[in-house]
There are 2 protein chains.
Amino acid sequence: MHADPYKIHSRHYVAVDCVIFGYEDEMLKVLLYPRGFEPSEGNWSLLGGFVDEDETLGDAARRVLYNITGLRNIYQEQVHAFSALKRDPAARVMSVTYYALIRIRQQDNDLVREHGAKWWPVADLPQLIFDHYDMIMHSLLRLQQKAGVEIIGRELLGDTFTITNLKKLYEAIFQREIDAGNFRKKILSLGVLQNTGRKDKHESKKGAYLYRYVPPDNLLNIVPIYK
Amino acid sequence: MHADPYKIHSRHYVAVDCVIFGYEDEMLKVLLYPRGFEPSEGNWSLLGGFVDEDETLGDAARRVLYNITGLRNIYQEQVHAFSALKRDPAARVMSVTYYALIRIRQQDNDLVREHGAKWWPVADLPQLIFDHYDMIMHSLLRLQQKAGVEIIGRELLGDTFTITNLKKLYEAIFQREIDAGNFRKKILSLGVLQNTGRKDKHESKKGAYLYRYVPPDNLLNIVPIYK
DNA sequence: CCAAAAGTGTTACGCCTACACCCATGG
DNA sequence: CCATGGGTGTAGGCGTAACACTTTTGG
């Protein structure tokens with residue numbers, strides 16, 4: 001074992017806080033749990049945890065997510081490191097925010113409820129502890145940036161979805177109305193949605209085609225190449 | 001003094017690494033210093049430092065920047081936290097990358113040279129230690145995003161500059177040629193550059209007007225409002 | 001005078017927006 | 001048959017790219 005050459009420097013508690021986005025009832029929601037002890041008892045909190053010696057920040061975020069939702073292989077992305085000296089009044093703790101995108105499904109919700117957690121619409125958040133509101137806003141901005149560049153239907157809606165499903169999701173993410181016809185043309189022109197041929201009749205009598213997201217590279221195997 | 005409620009958790013070394021961008025000889029450059037000891041002796045390194053108990057990440061980045069350049073009030077922005085377990089072979093150190101924009105000037109360069117530091121063009125970087133190459137690439141991407149949305153002439157060129165100066169800076173940032181006429185029209189249409197009336201004759205016989213960046217809000221005091 | 005940079009004008013094209021309009025069908 | 005959501009078509013506006021053109025002036 002080598003001597004630690006950095007001994008003279010401070011060591012710090014490092015945590016991760018997860019902004020877990022889900023989509024339900026045509027609303028973008030965030031999973032929060034109620035803080036049951038002081039300080040800030042009664043306020044709501046993101047799911048978080050301390051980073052261990054032998055895990056990366058991403059590992060820690062995945063662990064936190066797994067513990068509460070039971071899900072693995074979830075899309076997540078680092079957002080920002082928060083480090084104000086008194087952000088946690090109990091001790092000096094830096095926290096790195098991650099956001100994650102998951103499908104809200106009933107069976108998962110049981111596990112969620114066990115922890116007392118609850119899905120809150122981003123448009124109607126409760127009082128939050130520390131800097132957690134900032135964390136959510138930072139994450140929402142990043143999500144908007146991502147959604148503006150690529151289609152995130154798969155993560156929040158499931159494997160197949162109608163164009164209207166996707167439009168409503170985008171309206172929830174960007175918190176504004178979107179023209180249905182223009183949205184359809186724009187999305188389809190990106191060439192990453194594959195029509196499954198099946199129709200969904202839950203929303204209309206005519207029925208809407210269900211699409212599947214196909215990553216750009218895979219399309220080379222499907223679309224014929226002219227010569 | 002309260003008891004520390006988090007005692008059971010690990011503490012970590014946390015560092016910041018600064019990607020210091022400058023502009024010189026029509027090239028975007030990064031300030032690096034040569035590592036004089038093993039491991040990775042002879043390779044080049046970003047300017048970095050450990051985060052103290054009583055400072056934020058931003059504070060630490062400002063301190064590092066001040067120590068090497070003697071400059072304060074520099075524009076800087078957090079980029080990403082790197083946390084691979086073996087990224088520093090000597091110990092487990094997480095590092096948060098910041099990028100900064102500074103004007104390269106001769107007097108500052110003396111201080112820089114004292115430390116053995118050197119400006120390297122981003123298009124022609126030397127071998128770097130650890131994950132510092134990734135840090136620079138992440139930072140460059142962020143810089144491009146920022147430059148795409150707002151004008152960053154002031155930070156890298158100085159208080160006044162010609163449209164051609166700015167065009168060459170943008171060509172350095174985006175590493176591609178830009179049409180002069182279109183660039184001029186686009187930049188001026190943003191309405192955030194104010195013509196000083198003075199001309200710079202260094203680059204041409206005709207002379208080019210020097211412009212000053214004026215933040216959007218201040219323009220309300222200058223541009224008359226029609227009724 | 002003329003090379004070279006500064007600055008203006010012109011045209012074409014692609015994308016986005018707004019909105020009118022058809023289609024299909026369950027009740 | 002008709003209200004409702006699914007889906008298509010079209011015209012105008014705007015920003016951009018490409019590039020031709022005019023202006024200025026030191027050497």
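Scope of the values below: all heavy atoms of this structure, side chains included, with no hydrogens, waters or symmetry mates. So you know, we letter chains A, B, ... as the sequences are listed, proteins then strands, and number each from 1.
As rounded to whole Å, 17 Å separates atom C1' of C:dA18 from atom CZ of A:F183. In this entry the distance linking CG of A:L190 with P of C:dG14 reads 17 Å, nearest Å. The NZ atom of A:K186 sits 15 Å away from the C1' atom of C:dA18 (whole-angstrom rounding). Between B:F174 atom CZ and D:dT16 atom P the separation is 13 Å, expressed in whole Å. The interatomic distance linking A:H202 (NE2) with C:dG26 (P) rounds to 14 Å, in whole Å. One interatomic measurement links the two molecules: CG of B:D200 to P of D:dT25, which rounds to 14 Å at whole-angstrom precision. For A:I178 and C:dC19, the CD1 to P distance is 17 Å, given to the nearest whole Å. Here C:dA6 presents its P atom at 15 Å from CD1 of B:I187, a figure rounded to the nearest Å.
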Base-contact (B) and sugar-phosphate-only (S) positions in nucleotides 4-12 of chain D, heavy-atom cut-off under 4.0 Å, - elsewhere: -BBSBBB--
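Side-chain contact of A:Y99 with A:K146: a donor-acceptor pair under 3.5 Å is absent, judged by distance alone.
Shortest non-hydrogen contact noted between A:M94 and B:V51 is CE-CG1, 3.8 Å. A:V93 and A:A15 get closest at one heavy-atom pair: CG1-CB, 3.9 Å.
Checked for salt-bridge contact, A:E203 and A:K168 meet the test: a charged N lies under 4.0 Å from a carboxylate O.
In this structure, B:R72 forms a cation-pi arrangement with B:Y66, its terminal cationic atom sitting closer than 6.0 Å to the ring centre and no more than 45° off the ring axis.
Counting non-hydrogen atoms of neighbouring residues, nucleotides and ligands closer than 6.0 angstrom, the CZ atom of B:F174 exceeds 12 such neighbours.
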